[in-house]
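Reviewing the structure listed below.
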Amino acid sequence: MKIHIPNSAFLGNINAFIKSADFTDLATLNITANEKWMSVHPVVLCMVAALGLKIRATSIVNQPILCQVFTAASKHYFQRMGMFNFLHLDSKMNITEHEPAGRFIPLTQITNAAELTTFIGDMIPLLHLQEIQAQPIRYIVSEIVRNVLEHSGSTFGAIVAAQYYKKTNTIRMGIVDTGYGINKTISYSHQTTSDLDAICMALTPGITGTTSREGGTDYNAGAGLFFTKSISKINKDLFVIYSGNTLYKLLREKESATVVLKSNPLDDRHTVDTDLPYWQGTVIGIDIKLDEHEEFSKLLQYIREIYTTTVRERKSRQYKKAKFI
Amino acid sequence: MTPQTIKIVSLVGIVAENKDIARTIRIDLITPALQQGDDVVLDFSEVTLMTQSFCHALISEVIRSFGIDILERISFAHCTPEVRGIVEIVVDYMQ
């Protein structure tokens with residue numbers, strides 16, 4: 001595998017970073033980096049860390065991870081976010097580490113429900129958020145990491161990282177796994193024709209990979225990703241989901257736009273790229289602005305309306321009447 | 001008859017998101033209480049956030065197996081607007 005950490009890779013331009021990667025060789029991971037400056041979204045770090053964990057555990061090569069010595073002025077960021085620890089590499093950097101509170105959540109591996117509960121408790125003080133700001137972030141992390149733990153089949157759980165950006169008053173967050181991927185997960189209970197088809201189903205209210213039954217099982221309803229996408233849409237945030245060879249990007253609504261939730265993700269303002277290097281697993285990146293949010297309870301009212309309507313419509317389509325002749 | 005009150009915060013803390021615990025509450029506490037004819041109060045005091053997954057694991061199977069009228073015997077107490085919003089979503093889509 002080859003990954004080049006570029007000058008810039010955020011959700012808006014992440015496609016170029018992904019296109020430059022090569023995930024085919026499962027024996028080695030070769031990391032190169034821009035020599036002058038690197039500024040990347042936490043999801044990029046999560047992807048590198050997740051690949052590193054996987055390669056270390058599965059490769060029979062003596063030295064499976066090769067990493068160019070970082071020379072860019074911003075190289076310390078990667079050290080502080082814990083990337084080199086995840087890769088078991090010596091960064092060859094000597095820096096004084098400060099308490100991370102108020103700035104970022106370093107790369108964290110979550111492999112079970114107890115670790116998730118602890119993480120959700122710890123993350124808000126780390127990001128110095130007020131309770132009203134914390135609610136959608138807690139919600140999103142809980143639901144997406146839960147999805148990973150329950151459905152992804154990932155040996156290494158979920159890799160999570162987040163960073164607060166003062167200039168834009170935004171939290172940027174990545175949640176990544178190297179499990180089955182969405183297509184295989186959804187295919188357990190639904191017919192899919194492509195990675196895009198599977199991603200769209202996963203983002204649709206009431207569709208879960210665990211059952212084809214409307215309303216889900218006692219344990220799964222197929223709502224987690226739809227809620228996440230909806231929270232992003234109402235708050236006019238960016239949301240990216242990448243699995244297999246497909247990346248779906250929910251674009252920010254214009255500030256002046258009246259947001260209407262849609263059950264079909266293709267009806268939202270979005271871009272799709274279906275010709276990317278194949279990611280075995282699922283990558284989710286989110287940007288959450290902190291200063292212009294709807295109240296979480298109000299946001300739930302919007303979601304309730306569209307969720308209930310969509311599920312009811314689908315139920316009524318499947319309702320069969322007795323035929324009398 | 002005095003209803004059985006289940007204090008959620010003492011079982012999951014202020015963020016109700018661990019659906020394994022939600023399922024355990026349903027199987028060990030809610031369902032047996034309803035089966036023996038008791039009403040149930042789910043007390044959400046001090047709970048600041050609940051995920052849809054948690055709420056689904058907590059009550060969806062109760063609604064499915066007992067029927068929607070079981071909601072006459074379950075009360076949701078001391079809910080914040082956010083917790084209430086989640087309960088309403090799950091109750092809505094289970095009908």
Side-chain angles (χ1 to χ4, degrees), chain A residues 112-121 123-124 131-132 134-147 149-150 205-206 208 213-228 230 295-312 314-315, chain B residues 8-31 34 44 46-68 70-71 76 78-95:
Chain A
N112 58 52
E115 287 175 3
L116 172 58
T117 301
T118 304
F119 181 82
I120 284 173
M123 65 182 285
I124 301 309
E131 188 56 36
I132 195 164
Q135 284 181 331
I137 298 173
R138 273 195 176 122
Y139 193 97
I140 287 169
V141 171
S142 173
E143 291 288 35
I144 294 181
V145 175
R146 264 272 161 194
N147 271 352
L149 300 179
E150 282 176 29
T208 166
R213 184 171 67 163
E214 280 300 333
T217 64
D218 71 320
Y219 202 56
N220 283 288
L225 277 171
F226 173 72
F227 269 59
T228 302
S230 299
E295 275 180 33
F296 195 58
S297 57
K298 183 108 185 266
L299 191 148
L300 289 172
Q301 283 175 24
Y302 298 133
I303 295 176
R304 175 187 176 190
E305 222 167 271
I306 183 70
Y307 193 96
T308 309
T309 307
T310 305
V311 171
R312 278 196 188 144
R314 217 170 33 238
K315 274 183 184 170
Chain B
I8 300 296
V9 75
S10 61
L11 300 167
V12 294
I14 60 167
V15 179
E17 58 85 29
N18 187 329
K19 61 201 252 195
D20 298 325
I21 299 177
R23 179 149 72 177
T24 304
I25 295 169
R26 169 170 54 81
I27 292 170
D28 291 351
L29 300 175
I30 301 174
T31 303
L34 294 171
F44 285 93
E46 297 176 60
V47 174
T48 56
L49 182 68
M50 173 167 67
T51 63
Q52 172 273 333
S53 296
F54 181 93
C55 189
H56 183 88
L58 191 71
I59 62 169
S60 71
E61 190 59 25
V62 171
I63 295 171
R64 204 188 319 256
S65 55
F66 287 86
I68 194 67
I70 199 67
L71 290 173
F76 301 87
H78 305 118
C79 297
T80 63
E82 292 78 22
V83 169
R84 184 183 174 133
I86 293 290
V87 170
E88 286 174 335
I89 289 172
V90 174
V91 167
D92 263 8
Y93 72 64
M94 286 308 297
Q95 310 201 38

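Worth saying up front: this structure is predicted, and the values here are computed from it rather than measured. Order of the sequence lines sets the chain letters (A, B, ...), proteins ahead of strands, with each chain counted from 1.
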- Query: Can you say whether B:Ile59 sits under 4.5 Å from chain A via the side chain, the backbone, both, or neither, judging by heavy atoms?
  - Reply: neither

- Task: Can you tell which part of A:Glu150 gets under 4.5 Å to a heavy atom of chain B, answering side chain, backbone, both or neither?
- Result: side chain

- Item | Segment of A:Gln301 engaging chain B (4.5 angstrom heavy-atom cut-off) | neither

- Item | side chain to side chain contact (heavy atoms under 4.5 Å, CB included) involving B:Leu34 - partner list, sequence neighbours excluded | B:Ile30, B:Val40, B:Val62, B:Phe66, B:Ile70, B:Arg73, B:Ile74

- Message: If we define contacts as heavy-atom pairs under 4.5 Å, which of B:Val15, B:Thr51, B:Leu49, B:Val83 has the most with chain A?
- Response: B:Thr51

- Query: Of all residues at least two apart in sequence or in a different chain, which pass the salt bridge (charged side-chain N to carboxylate O under 4.0 Å, His left out) check with A:Arg304?
  - Reply: B:Glu88, B:Asp92

- Message: Looking only at the side chains, is there a donor atom on one of B:Glu82 and B:Thr48 sitting less than 3.5 Å from an acceptor on the other?
- Response: no

- Identify which of B:Met50, B:Glu17, B:Lys19 forms the greatest number of heavy-atom pairs closer than 4.5 Å to chain A. B:Lys19

- Note on the structure: Scored by heavy-atom pairs under 4.5 Å with chain B, the best of A:Ser297, A:Gly224, A:Ala134 is A:Ser297

- Item | B:Gln95 (side chain) donor-acceptor with B:Ile68 (main chain) under 3.5 angstrom | no

- What part of B:Arg84 lies closer than 4.5 angstrom to a heavy atom of chain A: side chain, backbone, both or neither? neither

- Item | Part of A:Tyr139 within contact of chain B (heavy atom distance under 4.5 Å) | both

- Taking C-beta and beyond as the side chain, do A:Phe226 and A:Ile303 meet within less than 4.5 Å on heavy atoms? yes

- Message: Are B:Thr24 and B:Asp20 packed together at the side-chain level, in the sense that at least one heavy-atom pair is separated by less than 4.5 angstrom?
- Response: no

